[in-house]
2 protein chains.
Amino acid sequence: MSKKLTSRAEDYSKWYNELVVKADMAENSAVRGCMVIKPYGYAIWEKMQAELDRMFKETGHQNAYFPLLIPKSLFEAEEKNAEGFAKECAVVTHYRLQNDPDNPGKLRVDPEAKLEEELVVRPTSEAIIWNTYKGWIQSYRDLPLLINQWANVVRWEMRTRLFLRTSEFLWQEGHTAHETKAEALKETQTMNNVYATFAENFMAIPVIQGVKTESERFAGAIDTYCIEALMQDGKALQAGTSHFLGQNFAKAFDVKFTNKEGKQEYVWATSWGVSTRLMGALIMTHSDDLGLVLPPNLAPNQVVIVPIYKTDEQFEEITSVVNGIMKDLRAKHITVKFDNRTTHRPGAKFAQHELQGVPLRIAIGPKDLENGTVELARRDTLTKEVVSLNTLTDKVEGLMTEIQDDLYNKALDYRDSHITEVDTFEEFKAVIDGKGGFISAHWDGTIETEDKIKEVTKATIRCIPLDAKEENGKCIFSGSVSNRRVLFAKAY
Amino acid sequence: MSKKLTSRAEDYSKWYNELVVKADMAENSAVRGCMVIKPYGYAIWEKMQAELDRMFKETGHQNAYFPLLIPKSLFEAEEKNAEGFAKECAVVTHYRLQNDPDNPGKLRVDPEAKLEEELVVRPTSEAIIWNTYKGWIQSYRDLPLLINQWANVVRWEMRTRLFLRTSEFLWQEGHTAHETKAEALKETQTMNNVYATFAENFMAIPVIQGVKTESERFAGAIDTYCIEALMQDGKALQAGTSHFLGQNFAKAFDVKFTNKEGKQEYVWATSWGVSTRLMGALIMTHSDDLGLVLPPNLAPNQVVIVPIYKTDEQFEEITSVVNGIMKDLRAKHITVKFDNRTTHRPGAKFAQHELQGVPLRIAIGPKDLENGTVELARRDTLTKEVVSLNTLTDKVEGLMTEIQDDLYNKALDYRDSHITEVDTFEEFKAVIDGKGGFISAHWDGTIETEDKIKEVTKATIRCIPLDAKEENGKCIFSGSVSNRRVLFAKAY
């Protein structure tokens with residue numbers, strides 16, 4: 001905990017890895033590519049969950065739970081989905097271990113306990129859920145079906161990074177069923193909008209809403225909507241996706257309903273998800289060389305109070321003042337922690353709370369007792385001021401909103417100053433190799449061009465922004481006609 | 001939904017299975033032994049989770065998340081634990097599927113994607129957690145470590161029943177680390193107490209706290225504390241367990257700490273858990289031949305309002321009155337739903353809410369509009385009364401407590417009248433074959449006797465109650481001396 005972080009300028013990637021571990025967010029586990037989410041990191045994830053869950057319920061969704069293990073025959077039913085996930089899935093083949101006769105004290109797979117049909121650990125749940133929906137949907141009266149699941153999923157990733165890409169991660173996955181194409185499309189857009197609102201208002205992360213190109217689409221989707229954020233190193237991060245699945249899964253699992261006219265039709269589907277990847281986005285949007293910077297809405301402790309004292313008497317007097325402060329702050333629904341550990345000095349406490357991104361720190365010592373004041377320090381701006389106890393509660397309450405807004409605006413300024421319009425491939429390469437960020441450019445709409453640009457620059461099309469205007473132009477790569485700019489970037 | 005349930009008297013087991021499915025709690029899935037928890041069932045589980053989580057945090061615990069997949073070498077490290085779970089664990093052996101050359105359109109395990117080391121889908125997480133704790137604990141300053149995890153686990157059960165025994169289930173598992181034996185023992189007891197309080201105050205299920213005999217202990221524990229409940233059919237159900245693990249896992253994973261005297265010691269451990277099995281206990285404690293009966297504390301909707309009308313005008317008038325009622329009830333934090341579906345008749349709605357155990361039903365029709373009244377029906381007693389709108393809110397608020405208490409007392413009466421003291425094996429067999437329930441009897445303390453009694457009667461020792469008094473007696477089976485009665489029962 002005591003050693004300084006590598007600076008972002010020196011090595012952004014190293015800074016990130018060190019920060020995640022040192023701020024007690026997560027760490028690598030003994031299981032290849034799987035992380036342990038530590039209590040402090042998990043407390044932030046819980047805050048995200050609570051707010052998202054509230055937003056899902058407010059938009060009419062209910063939670064449910066479906067099996068972790070998917071029989072291979074269901075997994076392979078929707079061909080494109082299966083093709084997309086088969087390459088990276090964990091497969092259960094046996095249901096028992098036994099003592100290994102060749103290695104006393106060791107276990108081995110019992111060859112007689114081989115499953116008749118292999119089970120895939122869910123990488124996503126469309127298959128098992130649509131197989132279940134078949135039994136739930138008969139008539140238009142059963143629709144819409146608006147369900148969400150909080151769960152763990154496993155995708156056998158070859159190169160992993162804490163939160164950003166792990167073999168197991170936590171997420172929510174919404175799976176909805178509708179009577180009409182229009183209604184399903186509207187749901188897809190509504191949920192993408194919920195994600196954008198959550199990212200912006202709650203995480204203080206500005207995002208661009210858009211649609212993915214064919215090659216970046218979810219396996220099995222007709223259209224994938226997304227929210228794209230920009231990290232401090234100029235790389236983009238896909239923070240959430242919402243898929244319009246058309247009738248693909250309904251056809252694969254034969255899910256039909258009797259419509260109002262008495263005719264049988266296939267059901268229309270959507271799915272949408274965000275994951276613990278959001279933790280990575282949070283870190284890389286706001287944090288600095290001293291550690292994490294948390295928006296007040298997501299901070300497990302919004303305020304921490306550190307006592308500075310030499311005698312037991314001073315400590316008692318400070319404690320009594322602090323109790324009053326805590327009572328007042330809690331009455332305003334502000335979460336506050338009194339760090340009265342006797343095992344650590346104030347300097348070590350300051351460093352820890354800085355590293356862990358607590359939005360506000362209050363320090364109170366003997367001089368403050370005399371003057372009826374405290375020292376108030378903002379984590380985001382690193383500014384300090386002396387505040388009278390009389391005005392402290394109002395001041396802190398005001399700062400909760402102010403810090404939240406400032407973080408958003410700072411990230412927005414950065415993002416907006418890193419969207420560059422280019423009209424030639426030379427310019428494109430110069431920006432990618434230079435300042436980075438999003439590049440707004442014309443593209444001819446073909447996968448070939450997309451692939452070639454990626455090959456040369458490592459940049460991909462992040463999305464076709466929903467608010468993209470019609471504009472005549474020429475593809476920066478092929479020179480073919482284009483009537484809309486798309487956003488390119490290197491991405492996590 | 002429309003067909004009547006099998007009665008409990010006719011076939012208790014069938015009644016249970018039908019109720020779980022028809023009340024929309026859960027259903028069997030396409031995956032052997034794994035259930036789908038449906039939205040209504042999941043909403044009840046969410047209420048349990050929220051309350052338990054609050055109680056855990058109030059007792060100083062934090063949540064975290066550990067990997068689903070456990071490398072075989074870690075899994076086998078604590079010998080007894082491994083032995084206990086090896087027989088029923090799902091094993092991941094491969095990380096990829098590929099197109100099956102012999103079956104176009106089908107997938108098969110890619111033989112080249114075999115894992116070097118097999119991974120066990122967690123049946124419980126002591127192994128992976130204690131392997132992690134090794135890195136977290138160096139000094140007494142790092143203790144106690146009080147962590148809980150909400151997770152799914154897999155145990156390959158041969159005979160499964162919805163909620164009661166499923167191959168995958170949801171649970172929470174607490175894993176704590178302590179400086180001393182006394183502190184760990186106290187934690188074990190504290191958490192068993194938390195479970196008892198939760199079961200009694202929240203679920204309205206009376207429980208007996210006790211300690212398991214050696215043969216019923218958790219694999220790897222020194223002592224297993226438990227809460228035992230009695231179901232309506234006279235069978236017991238273990239509703240939660242809290243394990244004192246001694247230094248077994250610390251030794252298996254070499255987790256030592258420097259104590260206050262500067263010496264190295266092994267850490268002391270506990271683990272404790274409750275699962276979706278509690279849903280089964282809830283159902284089998286309170287429900288009746290008409291369906292589920294929910295205590296108000298766990299009901300997703302505490303009150304449902306059904307309008308009875310013939311004309312649109314009546315419906316509008318009723319709606320306006322109902323809006324007022326809902327506003328008043330919600331101000332008292334009572335959850336209420338207006339069932340204004342036009343697709344169902346009042347009778348069908350009544351039957352559904354009865355089946356789903358909504359504690360109070362309010363019906364309001366044209367006559368009520370004239371008289372300023374509603375009809376109020378209690379689910380637990382099936383009694384109805386006409387209540388004036390003026391007194392409705394207070395009445396409903398009072399009934400929330402009254403129903404909760406009545407359900408508890410009813411279950412307590414049943415339980416207490418089904419604890420039979422016996423002093424001979426003849427009496428023992430007569431009670432087991434007759435009224436069932438708990439049998440309080442002397443036992444000689446040997447596994448042999450326990451096994452033989454089980455063989456003959458199918459009854460097991462549920463626990464040695466914490467409040468068992470010293471009493472000289474003779475073992476009902478062997479006649480050897482005993483100084484304390486234990487509780488036997490047939491059990492789920």
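Sequence lines set the chain letters: A, B, ... in the order given, protein chains first and strands last, and positions in each chain run from 1.
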Proximity breakdown for [X] and chain A, heavy-atom pairs closer than 4.5 Å:
X: B:Ile129; value: neither
X: B:Phe85; value: neither
X: B:Leu107; value: both
X: B:Met25; value: neither

From B:Cys34 atom SG to A:Ile128 atom CD1, the distance as rounded to the nearest 0.5 Å = 8.5 Å

Top contributor to chain B contacts, counting heavy-atom pairs under 4.5 Å, from A:Ala77, A:Ala90, A:Ala86 = A:Ala86

Answer key: most heavy-atom pairs under 4.5 Å with chain B among A:Val36, A:Val91, A:Ile37 is A:Val91

Taking the side chain as every heavy atom from C-beta outward, state whether A:Val121 and B:Leu68 have any pair of such atoms under 4.5 Å apart.
-> yes

Can you list the residues that meet the side chain to side chain contact (heavy atoms under 4.5 Å, CB included) rule with A:Ala64, with sequence neighbours excluded?
-> A:Phe66, A:Ile147, B:Pro39

Go through chain A and chain B and list any donor-acceptor pairs closer than 3.5 Å, backbone and side chains both.
from: A:Glu27; atom 1: OE1; to: B:Trp136; atom 2: NE1; distance (Å): 3.0
from: A:Glu27; atom 1: OE2; to: B:Trp136; atom 2: NE1; distance (Å): 3.0
from: A:Ile37; atom 1: N; to: B:Tyr65; atom 2: O; distance (Å): 2.8
from: A:Ile37; atom 1: O; to: B:Tyr65; atom 2: N; distance (Å): 3.0
from: A:Glu46; atom 1: OE1; to: B:Lys57; atom 2: NZ; distance (Å): 3.3
from: A:Glu46; atom 1: OE2; to: B:Lys57; atom 2: NZ; distance (Å): 3.1
from: A:Glu46; atom 1: OE2; to: B:Asn63; atom 2: ND2; distance (Å): 2.6
from: A:Lys57; atom 1: NZ; to: B:Glu46; atom 2: OE1; distance (Å): 3.3
from: A:Lys57; atom 1: NZ; to: B:Glu46; atom 2: OE2; distance (Å): 3.1
from: A:Asn63; atom 1: ND2; to: B:Glu46; atom 2: OE2; distance (Å): 2.6
from: A:Tyr65; atom 1: N; to: B:Ile37; atom 2: O; distance (Å): 3.0
from: A:Tyr65; atom 1: O; to: B:Ile37; atom 2: N; distance (Å): 2.8
from: A:Tyr65; atom 1: OH; to: B:Asn152; atom 2: ND2; distance (Å): 3.2
from: A:Tyr65; atom 1: OH; to: B:Glu168; atom 2: OE2; distance (Å): 2.5
from: A:Leu68; atom 1: N; to: B:Glu168; atom 2: OE1; distance (Å): 2.8
from: A:Lys72; atom 1: NZ; to: B:Leu107; atom 2: O; distance (Å): 2.6
from: A:Glu76; atom 1: OE1; to: B:Leu107; atom 2: N; distance (Å): 2.7
from: A:Ala86; atom 1: O; to: B:Leu97; atom 2: N; distance (Å): 2.9
from: A:Cys89; atom 1: N; to: B:Tyr95; atom 2: O; distance (Å): 3.4
from: A:Cys89; atom 1: O; to: B:Arg96; atom 2: N; distance (Å): 3.2
from: A:Val91; atom 1: N; to: B:His94; atom 2: O; distance (Å): 2.9
from: A:Val91; atom 1: O; to: B:Thr93; atom 2: N; distance (Å): 3.1
from: A:Thr93; atom 1: N; to: B:Val91; atom 2: O; distance (Å): 3.1
from: A:Thr93; atom 1: OG1; to: B:Thr93; atom 2: OG1; distance (Å): 2.6
from: A:His94; atom 1: O; to: B:Val91; atom 2: N; distance (Å): 2.9
from: A:Tyr95; atom 1: O; to: B:Cys89; atom 2: N; distance (Å): 3.4
from: A:Arg96; atom 1: N; to: B:Cys89; atom 2: O; distance (Å): 3.2
from: A:Leu97; atom 1: N; to: B:Ala86; atom 2: O; distance (Å): 2.9
from: A:Leu107; atom 1: N; to: B:Glu76; atom 2: OE1; distance (Å): 2.7
from: A:Leu107; atom 1: O; to: B:Lys72; atom 2: NZ; distance (Å): 2.6
from: A:Trp136; atom 1: NE1; to: B:Glu27; atom 2: OE1; distance (Å): 3.0
from: A:Trp136; atom 1: NE1; to: B:Glu27; atom 2: OE2; distance (Å): 3.0
from: A:Asn152; atom 1: OD1; to: B:Asn152; atom 2: ND2; distance (Å): 3.1
from: A:Asn152; atom 1: ND2; to: B:Tyr65; atom 2: OH; distance (Å): 3.2
from: A:Asn152; atom 1: ND2; to: B:Asn152; atom 2: OD1; distance (Å): 3.1
from: A:Glu168; atom 1: OE1; to: B:Leu68; atom 2: N; distance (Å): 2.9
from: A:Glu168; atom 1: OE2; to: B:Tyr65; atom 2: OH; distance (Å): 2.5

Report the option among B:Val154, B:Leu74, B:Val109, B:Val92 that has the most heavy-atom pairs separated by less than 4.5 Å from atoms of chain A.
-> B:Val92

With a 4.5 Å cut-off on heavy-atom pairs, point out which of B:Leu119, B:Leu97, B:Ile70 contacts chain A the most.
-> B:Leu97

